[in-house]
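Data first, discussion second: the structure below is written as structure tokens.
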Amino acid sequence: MSLAIFGTMILLLLLGFPMMIPLIAGSLIGFVSLFGGMGQLDTMVQQILAGIRPASLIAVPMFIFAADIMTRGQSAARLIDLVMAFVGHLKGGLAVSTATACTLFGAVSGSTQATVVAVGGPLRPRMLQAGYKDNFVLALIVNSSDIAFLIPPSIGMIIYGVVSGTSISELFIAGIGPGLLILVLFSIYSYIYARRHNVPVEPKSSWGERARAMQRALWPLGFPVIIVGGIYGGIFSPTEAAAACVLYALFLEMVVFRELSIKQLYATAKSTGLITAVVFILVGAGAAFSYVISFAQIPQQVLGAIGIDDMGPYAILFTISIAFFVGCMFVDPIVVILILVPIFAPVVDSAGLDPVLVGTIITLQVAIGSATPPFGCDIFTAIAVFKRPYAEVVRGTPPFIVMLLGVAVLLIFFPQIALFLRDLAFAE
């Protein structure tokens, strides 16, 4: 049965079907095989509906909607201008500004694809004009967008929290440390690259210009305050923070900046609805598929074959990291989380590992895999947005992937990188 399920899914993927079709087909084959016919398909429907029932999932369309509003409005541009005013004049400052802008926008969107569009669109032409090679620029934008998967609000962490039953609030706080560490490493590399290729620096902004940039960015900087401060202070749950972000985004772009019209708001809501529909179909189909593989005891067979029961904590974490990294090189991150988290959950529990640490490591590996050849989804987002060939987009990625994998290894051996702020925020 396992061979039939996975063989069918791989075949459908190779034929070009969207990921939801192989997931549903695999679930259907599993239910028919396990229950001897089509009589138990009502159970499959129940599992699909159960997968999208958790209230925490309401945060996903809310954050997508807020990010879409900001991308169409002025918030993203004002955040970029703020970063440029303070570090644009340094050696490699434009590249550092791009990585920092990705981090800031990630802190208000939670989406890697939205970050690629919002930050890469305006900054890529400026970097090319400044003398950076396009393969470096594309790799920097694609990989810096990974920080959006770690800095709250992270859509990947929401999905992981729902599937594993882990506190989403704790996951959000735990992602801040690794996200900032990645930003520091990317900034150092950008400085070295700029010196090596003798990239000219940008004109230095005066303190008056910096003050004006800060003043213009004060309203958009309210987003991380709402999300992190609200959750940290116990004012909001993650779902409530998402709703507050939508309200705040509407207030900024329609009332304060007057950038978004009613007609544009309708188009934005329609776009969010389409994206949310795809995400929720994947989540529901993934829940049904997880039920099938759990009922068939496929996880026990797979994990028993690799001898994970005899592994220590470090070996388990490395095994989990490799599985998620490789999975996201080929498949959508949400699907990988939905399929693999239930497989590894019993092992994590029996080994006594902190589920927040495991979730942070998984989220990082998912982010890395999303920007890694051959089929990382962020690569194809960049191809579509910037209209550049595949080979050019992936050519500059190896140094960034090495740095990201280095952070993943550090997380395994030094978990306080992620857990320090979590422990501080949620200390009893």
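We're numbering straight along the sequence, starting at 1. These numbers were taken from a predicted model, which means no experiment stands behind them.
Note: Ile52 CD1 to Ile281 CD1 = 9.0 Å, rounded to the nearest 0.5 Å. To the nearest 0.5 Å, atom CG of residue Asp134 and atom CG of residue Leu128 are 4.5 Å apart. Atoms CG and CG, on Leu82 and Leu218 in that order, are 8.5 Å from each other to the nearest 0.5 Å. Ser321 OG to Leu364 CG: the interatomic distance, rounded to the nearest 0.5 Å, is 8.0 Å. Interatomic distance, Leu123 CG to Met84 CE, rounded to the nearest 0.5 Å: 7.0 Å. Atom CD1 of residue Ile379 and atom OH of residue Tyr390 lie 5.0 Å apart, to the nearest 0.5 angstrom.
In this structure the side chain of Phe186 never reaches within 4.5 angstrom of the side chain of Val96, judged on heavy atoms. The closest side-chain heavy-atom distance from Ile80 to Ser97 is not below 4.5 Å. Side chains of Pro355 and Tyr160 form a contact here, defined as non-hydrogen atoms less than 4.5 Å apart. Residues Leu79 and Val83 fail the side-chain proximity criterion, which asks for heavy atoms closer than 4.5 Å. When side chains are defined from C-beta on, Arg124 does not count as touching Gln129, because their heavy atoms never get closer than 4.5 Å. Within the 4.5 Å cutoff, side-chain heavy atoms of Lys133 are placed close to those of Tyr193. Using a 4.5 Å cut-off on side-chain heavy atoms (C-beta onward), Ile158 and Phe63 make contact. Contact check for Leu90 versus Val201: no side-chain heavy atoms found under the 4.5 Å cut-off.
Within the 3.5 Å criterion, the main-chain N or O of Leu150 finds no donor-acceptor partner in the side chain of Ser154. Using modelled atom types, one side-chain atom of Thr103 and one backbone atom of Ala99 make a donor-acceptor pair closer than 3.5 Å. In this structure a side-chain-to-backbone donor-acceptor pair under 3.5 Å is missing from Ser75 to Met70. A donor-acceptor pair is defined here as one N or O able to donate and one able to accept, closer than 3.5 Å; no such pair exists between the side chain of Glu170 and the backbone of Ser167. Formation of a donor-acceptor pair under 3.5 Å by the Glu253 side chain with backbone atoms of Arg72 is not found in this model. For Arg422 (side chain) and Ile173 (main-chain N/O), no donor-acceptor pair under 3.5 Å exists by modelled atom type.
For Phe413, the CZ atom sits in a packed shell: over 12 heavy atoms of surrounding residues, nucleotides or ligands are nearer than 6.0 Å. Around the NZ atom of Lys91, the shell of radius 6.0 Å holds more than 12 heavy atoms that belong to other residues, nucleotides or ligands.
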For this session: Test side-chain hydrogen bond (donor to acceptor under 3.5 Å, both in side chains) on Asp68 and Thr268 and set out the steps.
Result: CA-CA 6 Å; Asp68 208 352; Thr268 304; 5.0 Å; no

For this session: For Val407 and Leu185, run side-chain contact (heavy atoms from CB on, under 4.5 Å): C-alpha distance rounded to whole Å, both residues' side-chain angles, the deciding distance at 0.1 Å, then the answer.
Result: CA-CA 9 Å; Val407 172; Leu185 292 177; 3.5 Å; yes

Exercise. Run the side-chain contact (heavy atoms from CB on, under 4.5 Å) check on Ile159 and Leu57 step by step: do they pass?
Worked result: CA-CA 7 Å; Ile159 302 297; Leu57 285 175; 3.8 Å; yes

For this session: Carefully, step by step, assess Phe257 and Arg216 under the rule side-chain contact (heavy atoms from CB on, under 4.5 Å).
Result: CA-CA 10 Å; Phe257 302 150; Arg216 283 170 49 81; over 6 Å; no

Exercise. Going through the distances and angles, do Phe324 and Ile368 end up as a side-chain contact (heavy atoms from CB on, under 4.5 Å)?
Worked result: CA-CA 9 Å; Phe324 278 88; Ile368 301 171; over 6 Å; no

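Note on ring orientation: taking the six-membered ring where Trp is involved, the planes of Tyr132 and Phe136 are parallel (angle under 30°, cut-offs 30° and 60°).
Closest approach of Gly175 and Thr360 over heavy atoms only: CA-CG2, 4.5 Å. Closest approach of Leu421 to Gly177, counting heavy atoms only: CD1-N, 4.4 Å. Nearest heavy-atom pair across Val119 and Cys102 is CG1-SG, 3.8 Å. Taking every heavy atom of both residues into account, Val199 and Ala130 meet most closely at CG1-O, 3.6 Å. Nearest heavy atom pair, residue Phe172 against residue Pro238, reads CE2-CB, 4.0 Å. The nearest pair of heavy atoms linking Ala288 to Ser27 is C-OG, 3.7 Å.
By the side chain to side chain contact (heavy atoms under 4.5 Å, CB included) test, Ala323 is found to be paired with Leu340, Phe344, residues two or more places apart in sequence or in another chain being considered. Residues satisfying the side-chain hydrogen bond (donor to acceptor under 3.5 Å, both in side chains) test with Gln215, not counting sequence neighbours, are none. For Ser350, the side-chain hydrogen bond (donor to acceptor under 3.5 Å, both in side chains) test picks out no residue, with sequence neighbours left out.
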Would you list the atom pairs, donor with acceptor, under 3.5 Å between side chains in residues 240-251 and any protein atom, with sequence neighbours excluded?
{"unit_1": "Glu240", "atom_1": "OE1", "unit_2": "Ser237", "atom_2": "N", "d": "2.9"}
{"unit_1": "Glu240", "atom_1": "OE1", "unit_2": "Ser237", "atom_2": "OG", "d": "3.4"}
{"unit_1": "Tyr248", "atom_1": "OH", "unit_2": "Trp219", "atom_2": "O", "d": "2.6"}

For residues 391-403, which side-chain N or O atoms pair as donor and acceptor with protein atoms under 3.5 Å away, sequence neighbours left out?
{"unit_1": "Glu392", "atom_1": "OE1", "unit_2": "Arg388", "atom_2": "NH2", "d": "3.0"}
{"unit_1": "Glu392", "atom_1": "OE2", "unit_2": "Arg388", "atom_2": "NE", "d": "3.4"}
{"unit_1": "Thr397", "atom_1": "OG1", "unit_2": "Val394", "atom_2": "O", "d": "2.7"}

Report all side-chain donor-acceptor pairs from residues 141-149 shorter than 3.5 Å, counting only partners two or more places apart or in another chain.
{"unit_1": "Asn143", "atom_1": "ND2", "unit_2": "Ala139", "atom_2": "O", "d": "2.8"}
{"unit_1": "Ser144", "atom_1": "OG", "unit_2": "Leu140", "atom_2": "O", "d": "2.7"}
{"unit_1": "Ser145", "atom_1": "OG", "unit_2": "Val142", "atom_2": "O", "d": "2.4"}

